[in-house]
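Here is the structure we will look at, set down as structure tokens.
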Amino acid sequence: MHMISVNRGGSGFYAGMLCGVLVATIVFAGFVRYQNKAGGASARSVLVLKLAHGLDPSHPVHTGMLHMQERLAEISGGKVKLEIYPSGMLGSETQCIEQLQNGALAMTKTSASPMEGFVPTMAVFSLPYLFNGPEHFWNVLDGEIGRELLLASEEKQLRGLCYYDGGSRNFYTTDRPVKTPADLVGLKIRVMNSKTAMDMIEALGASPTPIAWGELYTALQQGVVDGAENNPPSYWSNRHYEVCGYFSMDAHTRIPDMLMMSKKVWNALTPEVQTWVQQAADESSQFQRELWKEKTIEALELAKAEGVQVYYPSTDELAEFQAKVNPMLLSYEGTEVGDLIKRIKRVAE
């Protein structure tokens with residue numbers, strides 16, 4: 001367990017009070033520590049919260065977290081510091097979530113898809129062609145529905161702070177462009193380990209193949225799979241354009257990233273510190289969305305310059321995709337997810 005250092009000089013009473021008020025019941029290892037700043041009358045304790053994730057430091061979501069780090073320091077007047085550990089330094093996505101649950105880590109980033117295992121209604125994000133576009137998507141996430149889903153995992157000791165833009169997911173393949181569902185028939189497509197994602201691929205006529213993200217480049221190169229689906233920045237930054245020369249902007253799903261916090265850590269903070277953390281997270285979400293737009297355009301232009309054929313399906317072609325997967329949406333009628341689908345569609349009306 002990290003020790004809490006308190007200066008015993010003239011400001012010892014203040015520092016001790018700050019420690020006690022900020023984190024009255026700290027019994028967790030690793031998620032937080034105090035740094036004793038300076039000495040004498042100016043001594044103060046700085047609360048340090050740890051955020052770990054598996055993304056590369058060049059990723060727009062990591063940049064959004066850096067913005068949160070900066071804003072949290074400013075909003076708190078230097079009383080709270082966010083330490084960020086990227087690239088899986090403190091474990092895989094699953095391991096980080098487990099650390100949140102037991103209070104050993106303050107925050108992590110996860111895609112909404114794996115959260116299905118904790119909150120079944122998160123499956124709604126993996127349903128294809130549910131959102132009419134980015135405006136509809138963010139109206140849902142910034143509204144009542146989005147807030148409900150952020151807080152839906154509290155029973156699992158997880159609390160959502162905000163959403164980060166993960167863009168739209170699109171098909172990219174090694175040997176031929178995907179213009180209509182017929183082009184997917186017989187292909188092996190890598191998907192995340194999500195039942196909903198696998199059901200979608202099957203409905204479109206392809207064979208879903210869950211493969212770890214870090215192993216995908218080799219799998220594509222060796223022909224283990226014929227393609228994958230993801231957003232343009234991830235496609236570019238992971239150099240998948242080197243083995244997949246066809247990218248189809250069909251935008252079948254829009255799955256956000258989520259900044260999750262340990263419920264145990266959240267409950268250990270004072271209301272004031274909770275407000276600071278939430279404000280910094282919200283501002284980082286807005287900042288990251290704008291950055292994501294820029295990076296998406298940039299990624300597609302860079303891919304084209306490398307010879308990638310980027311295809312934009314027509315309205316009629318998209319209608320073919322939607323018709324193929326519509327039975328998936330209808331299968332949820334009468335369920336909690338089905339009710340959520342109806343609410344999401346009403347937001348666009």
Side-chain angles (χ1 to χ4, degrees), residues 59-60 111 113 125-137 165-192 194 196-209 211 213 216-256 292-326 328-329:
H59 197 283
S111 169
S113 284
F125 288 120
S126 296
L127 292 176
Y129 304 105
L130 178 59
F131 297 99
N132 296 341
E135 183 177 358
H136 178 207
F137 177 74
D165 198 348
S168 63
R169 297 183 74 89
N170 313 271
F171 291 111
Y172 53 91
T173 46
T174 57
D175 296 326
R176 64 175 185 247
V178 175
K179 298 181 179 180
T180 69
D183 297 319
L184 285 167
V185 174
L187 298 185
K188 291 174 291 187
I189 301 296
R190 180 269 177 182
V191 293
M192 292 183 288
S194 157
T196 311
M198 289 189 278
D199 288 346
M200 176 193 69
I201 296 299
E202 287 182 346
L204 291 172
S207 299
T209 309
I211 293 176
W213 181 247
L216 180 53
Y217 184 101
T218 301
L220 290 165
Q221 189 178 47
Q222 296 180 349
V224 176
V225 288
D226 304 299
E229 45 92 48
N230 215 315
N231 55 67
S234 294
Y235 167 76
W236 171 257
S237 64
N238 288 273
R239 308 184 71 86
H240 290 174
Y241 62 88
E242 294 179 347
V243 286
C244 286
Y246 302 94
F247 195 99
S248 180
M249 288 291 292
D250 68 296
H252 46 265
T253 54
R254 295 180 181 275
I255 304 175
W292 187 267
K293 292 178 186 177
E294 298 173 9
K295 292 298 183 181
T296 296
I297 295 172
E298 177 183 311
L300 290 173
E301 292 304 316
L302 289 170
K304 290 177 184 177
E306 291 293 330
V308 172
Q309 295 183 30
V310 179
Y311 184 75
Y312 295 85
S314 67
T315 301
D316 289 342
E317 288 168 336
L318 288 176
E320 291 185 44
F321 284 99
Q322 293 165 352
K324 284 283 187 180
V325 299
N326 193 51
M328 282 184 64
L329 276 65

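- Of all non-hydrogen atoms in Cys244 and Val308, the two that sit nearest each other are O-CG2, 4.3 Å.
- Here the side chains of Leu318 and Pro313 are in contact, with some heavy-atom distance below 4.5 Å.
- A 4.5 Å side-chain heavy-atom check between Phe171 and Asp183 finds every atom pair outside the cut-off.
- Residues Val325 and Leu204 meet the side-chain proximity criterion, which asks for heavy atoms closer than 4.5 Å.
- Between the Asp226 side chain and the Lys188 main chain, a donor and an acceptor come within less than 3.5 Å of each other.
- Looking at Glu317 and Lys179, no side-chain N of the basic residue comes within less than 4.0 Å of a carboxylate O on the acidic one, giving no salt bridge.
- For Val185, there are no side chain to side chain contact (heavy atoms under 4.5 Å, CB included) partners at least two apart in sequence or on another chain.
- Rounded to the nearest 0.5 angstrom, Phe321 CZ and Tyr129 OH are separated by 5.0 Å.
- The nearest pair of heavy atoms linking Thr253 to Ser126 is CG2-O, 3.4 Å.
- Listed by chain and number, the residues in a salt bridge (Lys or Arg N to Asp or Glu O under 4.0 Å) with Arg190 amount to none (sequence neighbours excluded).
- The line from OG1 of Thr180 to CG of Asp316 is 12.0 Å long, rounded to the nearest 0.5 Å.
- Tyr217 is linked by a side-chain hydrogen bond (donor to acceptor under 3.5 Å, both in side chains) to Glu242, counting only residues two or more places apart in sequence or in another chain.
- Legend: residues meeting ring pair (Phe, Tyr, Trp, His ring centres under 6.0 Å) with Phe125, ordered by chain and number and at least two apart, are absent.
- With a 4.5 Å cut-off on side-chain heavy atoms, Asp199 and Met328 count as touching.
- Within a 6.0 Å sphere centred on CZ of Arg239, heavy atoms belonging to other residues, nucleotides or ligands number 12 at most.
- Counting all heavy atoms, side chain and backbone alike, Ser168 lies closest to Arg254 at CB-NH1, 3.8 Å.
- Residues His252 and Glu229 are in side-chain contact: their nearest non-hydrogen atoms beyond the backbone lie under 4.5 Å apart.
- Residues Ala228 and Leu216 come closest through the heavy atom pair CB-CD2, 3.8 Å.
- Pairing each heavy atom of Phe131 with each of His136, the nearest pair is CA-ND1, 3.5 Å.
- Counted within 6.0 Å of NZ on Lys293, heavy atoms from surrounding residues, nucleotides or ligands total 12 or fewer; the atom is thus considered open.
- With hydrogens and angles disregarded, a donor-acceptor distance shorter than 3.5 Å links the side chain of Asn170 to the backbone of Ala251.
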Would you give me the side-chain donor-acceptor pairs under 3.5 Å for residues 294-302, sequence neighbours excluded?
from: Thr296; atom 1: OG1; to: Trp292; atom 2: O; distance (Å): 2.9
from: Thr296; atom 1: OG1; to: Trp292; atom 2: NE1; distance (Å): 3.2

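- Surrounding CG of Asn326 are more than 12 heavy atoms belonging to other residues, nucleotides or ligands, all under 6.0 Å away.
- Take Tyr172 and apply the ring pair (Phe, Tyr, Trp, His ring centres under 6.0 Å) test, not counting sequence neighbours, and it matches Tyr235, His240, Phe247.
- Counting heavy atoms from C-beta on, the side chains of Asp250 and Val178 never come closer than 4.5 Å.
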For this session: Check the pair Val225 / Ile211 against side-chain contact (heavy atoms from CB on, under 4.5 Å), numbers first and verdict last.
Result: CA-CA 9 Å; Val225 288; Ile211 293 176; 3.6 Å; yes
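- You'll find the side chain of Met249 reaches within 4.5 Å of the side chain of Pro232, heavy atoms only.
- Rounding to the nearest 0.5 Å places OG1 of Thr315 at 9.0 Å from CD of Gln322.
- Shortest non-hydrogen contact noted between Ser113 and Ile255 is OG-CD1, 3.4 Å.
- At least one side-chain heavy atom of Trp213 sits under 4.5 Å from a side-chain heavy atom of Asn230.
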